Amino acid sequence: MLTTIATVISWVIGGAIALLGTLDLAKPQAAAAGFGLPNGSAAGESATSQAWMYTRAVRDIASGLFIFVLLANGEKHVLGWVMLAACLIPLGDAIVVHRNNGPSTSVYGVHGGSGVLMLATSFALLAA
């Protein structure tokens, strides 16, 4: 039962990560603002943050696809290890957002919550 729940959550995590990456490709200014980074929209700001958001978007799309590949192959134990390692991504993102005075909801809710969910899911998959 726990493995089934962890598998469903893994599909949701993979889909959410890939979807967020796709949205960031479409709207890099909004993604940059959510990170507390200058987004190139105000006078004197460069568009450099937008370039970093494109990079992040591609990373997120690929990360979601990695999860799908492991799920499609039934590699739940390997997925557990990959998900455990991948917990560093939302942790790192939370630190970046916090250090750049980004929204607390993004630091704790989006990135912190994602990291905790991924951690719990990885433990459930590894326990299977």
Side-chain angles (χ1 to χ4, degrees):
M1 177 69 168
L2 186 58
T3 304
T4 302
I5 293 169
T7 301
V8 170
I9 291 172
S10 295
W11 281 105
V12 172
I13 289 170
I17 292 170
L19 176 63
L20 289 173
T22 303
L23 293 173
D24 289 350
L25 278 178
K27 296 186 177 192
Q29 286 183 322
F35 261 74
L37 299 172
N39 61 20
S41 62
E45 287 183 352
S46 81
T48 302
S49 293
Q50 288 183 44
W52 283 110
M53 291 300 104
Y54 285 129
T55 302
R56 178 179 158 245
V58 171
R59 176 203 70 185
D60 285 353
I61 293 168
S63 296
L65 293 177
F66 292 151
I67 292 171
F68 291 156
V69 167
L70 291 168
L71 282 163
N73 285 300
E75 298 290 340
K76 291 184 177 73
H77 196 75
V78 175
L79 175 59
W81 284 111
V82 170
M83 192 90 67
L84 183 61
C87 288
L88 293 174
I89 295 171
L91 173 62
D93 288 350
I95 292 169
V96 169
V97 175
H98 178 70
R99 289 184 55 136
N100 287 282
N101 299 314
S104 293
T105 54
S106 184
V107 174
Y108 301 107
V110 175
H111 301 294
S114 297
V116 169
L117 180 62
M118 288 173 70
L119 185 65
T121 303
S122 68
F123 287 154
L125 291 167
L126 290 170

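Keep in mind it's a predicted model, so treat the numbers as computed, not measured. Counting begins at 1 with the first residue of the sequence. Scope of the values below: all heavy atoms of this structure, side chains included, with no hydrogens, waters or symmetry mates.
Cluster membership check: V82 shares its hydrophobic cluster with L65, using side-chain heavy-atom separations under 4.5 Å among Ile, Leu, Val, Met, Phe, Trp and Tyr. Cluster annotation: L79 and M1 are assigned to the same hydrophobic cluster (Ile/Leu/Val/Met/Phe/Trp/Tyr, side-chain heavy-atom contacts under 4.5 Å, transitive). In the hydrophobic clustering of ILVMFWY residues, with side-chain heavy atoms under 4.5 Å counting as a link, V69 and M83 come out apart. Hydrophobic clustering (side-chain heavy atoms under 4.5 Å, transitive across Ile, Leu, Val, Met, Phe, Trp, Tyr) keeps Y54 apart from W52. The hydrophobic cluster containing V78 also contains W11, counting ILVMFWY residues as joined when their side-chain heavy atoms lie under 4.5 angstrom apart, directly or transitively.
Taken to the nearest 0.5 Å, the OG atom of S10 stands 11.5 Å off from the CD1 atom of I5. Atom CD1 of I17 and atom CD1 of I67 lie 4.0 Å apart (nearest 0.5 Å). T7 OG1 to L70 CG: the interatomic distance, rounded to the nearest 0.5 Å, is 11.5 Å. Distance check: L25 CG to T55 OG1 gives 10.0 Å after rounding to the nearest 0.5 Å. Note that CG of L71 and CG of L125 are 8.0 Å apart. Values are rounded to the nearest 0.5 Å.
I89 is not listed as a side-chain neighbour of M118, based on a closest heavy-atom distance of 4.5 Å or more. Side chains of V110 and T105 form no contact here, defined as non-hydrogen atoms less than 4.5 Å apart.
Apart from L126 itself, the hydrophobic cluster it occupies contains W81, L84, L119, F123, where clustering links Ile, Leu, Val, Met, Phe, Trp and Tyr at side-chain heavy-atom distances under 4.5 Å. Through direct or relayed side-chain contacts under 4.5 Å between Ile, Leu, Val, Met, Phe, Trp and Tyr, L2 connects to no other residue.
Within 6.0 Å of atom CZ in F66, 12 or fewer heavy atoms from other residues, nucleotides or ligands are found, so the atom counts as exposed in its surroundings.
Here side-chain hydrogen bond (donor to acceptor under 3.5 Å, both in side chains) pairs that include residues 85-98, with residues two or more places apart or in two chains, are R59-D93. The salt bridge (charged side-chain N to carboxylate O under 4.0 Å, His left out) contacts involving residues 60-87 comprise R56-D60, where partners must be two or more places apart or lie in separate chains. Applying the salt bridge (charged side-chain N to carboxylate O under 4.0 Å, His left out) test to pairs two or more places apart or on separate chains, none has a residue in residues 119-128.
Shown here for P103 and V97, the closest heavy-atom pair between the two residues is O-CG1, 4.0 Å. Taking each heavy atom of D24 and A57 in turn, the nearest pair found is CB-CB, 3.7 Å. Minimum heavy-atom separation, S114 to P90: CB-CB, 4.1 Å.
S106 is linked by a side-chain hydrogen bond (donor to acceptor under 3.5 Å, both in side chains) to H111, counting only residues two or more places apart in sequence or in another chain.
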